[in-house]
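Okay, structure first, notes after.
As a basis for the values below, the full set of heavy atoms in this structure was taken, side chains included, without hydrogen atoms, waters or symmetry mates.
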Amino acid sequence: MHSSAVFLIEFGAVILSLGLLGRLAGRFQFSPIPLYLLAGLAFGEGGLLPLGTSEEFVATGAEIGVILLLLMLGLEYTASDLVSNLKTQYRAGLVDAVLNALPGAVMALLLGWGPVAAVVLAGVTWISSSGVIAKVLGDLGRLGNRETPVILSILVLEDLAMAVYLPIVTALLAGAGLAAGSVTLAIALGVAGLVLFLAVRYGRHISRFVSSDDPEKLLLVVLGLTLLVAGIAQQLQVSAAVGAFLVGIALSGEVAEGTHHLLSPLRDLFAAVFFVFFGLHTDPASIPPVLLPAMTLAVLTASTKIATGYWAARRAGISERGRWRAGGTLVARGEFSIVIAGLAVTAGIEPSLGPLATAYVLILVVLGPLTARWTEPIARQVTARLAARREPAPATAVEGGGEAGAENGGDRVTEESRETVDDPDAVGRRS
């Protein structure tokens with residue numbers, strides 16, 4: 001069969017499979033990312049249906065997927081938002097980095113993978129999934145809750161930290177020495193600072209230049225500008241993803257809204273291809289040996305993310321229930337963890353790092369929506385039971401109803417009153 005025909009058949013089968021998997025995920029209301037990763041495992045080497053002629057095209061599509069993911073993420077924020085978050089929530093960002101990056105780094109060192117792999121795995125365990133968390137907040141009706149700005153602030157700081165972290169990882173994976181790495185970091189910080197300055201000072205002019213009433217022209221200009229800046233950034237060893245993120249920040253107002261509307265389908269398509277591509281480079285047989293470390297990291301960093309959200313929400317004056325909700329919502333990992341691990345897989349620094357990252361993300365992208373929903377109710381029940389144990393037993397039984405009846409009635413009233421207490425933080429939450 002002609003190679004072009006084989007390519008069309010293979011790539012068509014991949015896209016059709018992704019569409020069906022996405023539909024399945026939507027029916028059960030969970031993130032399709034784990035299904036996309038599993039599809040990549042099935043289509044990759046050692047899987048059920050290995051690809052041949054279309055793998056190179058999938059690799060290019062995956063790179064575009066990362067760029068579009070970061071562009072769309074940048075469109076969610078303005079430069080003034082980033083500056084404001086840096087001023088008010090930087091302590092929460094530091095706590096988040098220490099509590100969640102450290103377990104990954106320690107695990108890599110315990111496994112004997114070396115310092116470069118430790119830096120990479122630290123990033124994998126550090127960054128929460130903005131996409132999954134945003135969907136969960138919408139599904140649970142919590143976008144209007146008082147703790148939601150705290151959650152979003154932590155996500156913004158993580159995304160901004162990527163502008164510094166990714167160039168460092170890129171330099172380390174390329175084997176650059178201290179001097180070369182310092183130059184790369186200085187260039188990255190300089191470019192990021194310049195773009196933020198231009199976005200704050202001249203954001204309106206940039207948006208006016210890009211703006212167009214014709215959706216076709218707007219799409220072509222924004223997509224072309226993004227790919228151009230991403231390519232220049234990668235040539236400077238800053239990271240194409242960071243370049244795309246900064247382009248998104250520079251656009252604002254109606255241009256950002258229009259671009260978001262036009263590029264969302266493209267983002268979803270190429271992002272799905274990216275997750276498949278990552279799975280393609282992971283042999284399913286390599287996952288069982290790293291399943292135990294992945295599960296250990298998942299449990300540990302789920303706990304540290306809950307602690308991070310609780311601490312940040314408490315510092316912001318949020319109630320007890322809102323603090324637990326904030327912590328549980330931050331657990332999910334996803335696209336950024338895979339992006340970071342993908343850099344290491346491409347560089348070939350540690351064969352087991354990719355399988356571990358795949359298993360880790362699969363666990364937490366499924367666990368994240370569950371912890372967002374159930375962390376607060378479980379914490380409330382545990383707290384109530386501990387408080388009940390500390391209370392002294394009644395001296396005498398109530399006459400007429402018996403001790404058991406008094407206890408049952410008292411428990412019922414207490415539980416009902418507990419359920420009807422107003423939650424000041426649940427402004428927009430569905431009951």
Measure the spacing between CZ of Arg325 and CD of Glu320 and express it to the nearest 0.5 Å.
11.0 Å

Closest non-hydrogen atoms of Leu291 and Ala359, given as atom of the first, atom of the second and distance, are CD1-CB, 4.2 Å

Taking the side chain as everything from C-beta on, heavy atoms only, tell me whether Ile340 gets closer than 4.5 Å to Tyr165.
yes

Who pairs with Thr371 by side chain to side chain contact (heavy atoms under 4.5 Å, CB included), at least two apart in sequence or on another chain?
Val331, Leu367, Thr375

Would you mind reporting whether Arg373 and Leu370 have side-chain heavy atoms less than 4.5 Å apart?
no

Does any part of the side chain of Thr301, heavy atoms only, come nearer than 4.5 Å to the side chain of Trp126, both counted from C-beta?
no

Tyr310-Glu147 side chain donor-acceptor pair, cut-off 3.5 Å:
no

Sequence neighbours excluded, the answer for salt bridge (charged side-chain N to carboxylate O under 4.0 Å, His left out) partners of Glu350 is none

Residues which pass side chain to side chain contact (heavy atoms under 4.5 Å, CB included) with Ile349, listed by chain and number, not counting sequence neighbours
Val116, Ala117, Val120, Leu173, Ala344, Ala347, Leu353

How would you list, by chain and number, every residue that makes a side chain to side chain contact (heavy atoms under 4.5 Å, CB included) with Val229, sequence neighbours excluded?
Leu225, Val247

Of all heavy-atom pairs between Gly309 and Leu330, which one has the smallest distance, and what is that distance?
CA-CD1, 3.7 Å

Contact between Val124 and Leu297 at the side-chain level, heavy atoms closer than 4.5 Å - yes or no?
no

Only residue of Val361, Ile287, Leu111 satisfying side chain to side chain contact (heavy atoms under 4.5 Å, CB included) with Leu356 is Leu111

Nearest-0.5 Å distance that lies between atom CG in Leu223 and atom CG in Leu218
10.5 Å

All heavy atoms of Val136 vs all of Ala372, minimum pair found to be CG1-CB, 3.6 Å

Does any non-hydrogen side-chain atom of Asn100 lie less than 4.5 Å from one of Arg333?
yes

Inter-residue atom distance Thr383.OG1 - Glu376.CD, 0.5 Å rounding:
10.0 Å

Do side-chain atoms of Arg323 reach the backbone of Ile318 as a donor and acceptor pair under 3.5 angstrom?
yes

As an exercise, state the distance from OH of Tyr360 to OG1 of Thr296, rounded to the nearest 0.5 Å.
11.5 Å

Below 4.5 Å, heavy atoms only, C-beta onward: do Ile133 and Ser128 meet side chain to side chain?
yes

Only one of Ile232, Leu71, Ile67 passes side chain to side chain contact (heavy atoms under 4.5 Å, CB included) with Leu227; say which it is.
Ile67

Closest contact, heavy atoms only, Pro215 versus Leu262:
O-CD1, 3.5 Å

Does the pair Ile15 and Leu269 meet the rule for a side chain to side chain contact (heavy atoms under 4.5 Å, CB included), with working shown?
CA-CA 8 Å; Ile15 298 300; Leu269 169 62; 3.8 Å; yes

Could you give the distance from CG (Leu99) to CG (Leu94), rounded to the nearest 0.5 Å?
11.0 Å

Taking all heavy atoms of Ala272 and all of Leu18, pick out the closest pair and write down the distance.
CB-CD1, 3.8 Å

Between Lys305 and the options Thr329, Thr125, Asp96, the side-chain hydrogen bond (donor to acceptor under 3.5 Å, both in side chains) test singles out Asp96

Evaluate the side chain to side chain contact (heavy atoms under 4.5 Å, CB included) criterion for residues Leu38 and Leu362: first the C-alpha distance (whole Å), next the side-chain angles of each, then the deciding distance (0.1 Å), finally the verdict.
CA-CA 9 Å; Leu38 290 175; Leu362 281 172; 4.2 Å; yes

For Ser337, side chain to side chain donor-acceptor pair (under 3.5 Å) partners two or more places apart:
none

Once you round to the nearest 0.5 Å, how far does CG of Leu68 lie from CG of Leu75?
10.0 Å

How far apart are the closest heavy atoms of Ala313 and Val150, and which atoms are they?
N-CG1, 3.9 Å

Mind checking side chain to side chain donor-acceptor pair (under 3.5 Å) for Thr259 and listing every partner two or more places apart, or none if nothing turns up?
none

Go through the steps to decide whether Leu155 and Glu158 satisfy the test side chain to side chain contact (heavy atoms under 4.5 Å, CB included), and finish with yes or no.
CA-CA 5 Å; Leu155 295 178; Glu158 288 181 352; 3.9 Å; yes

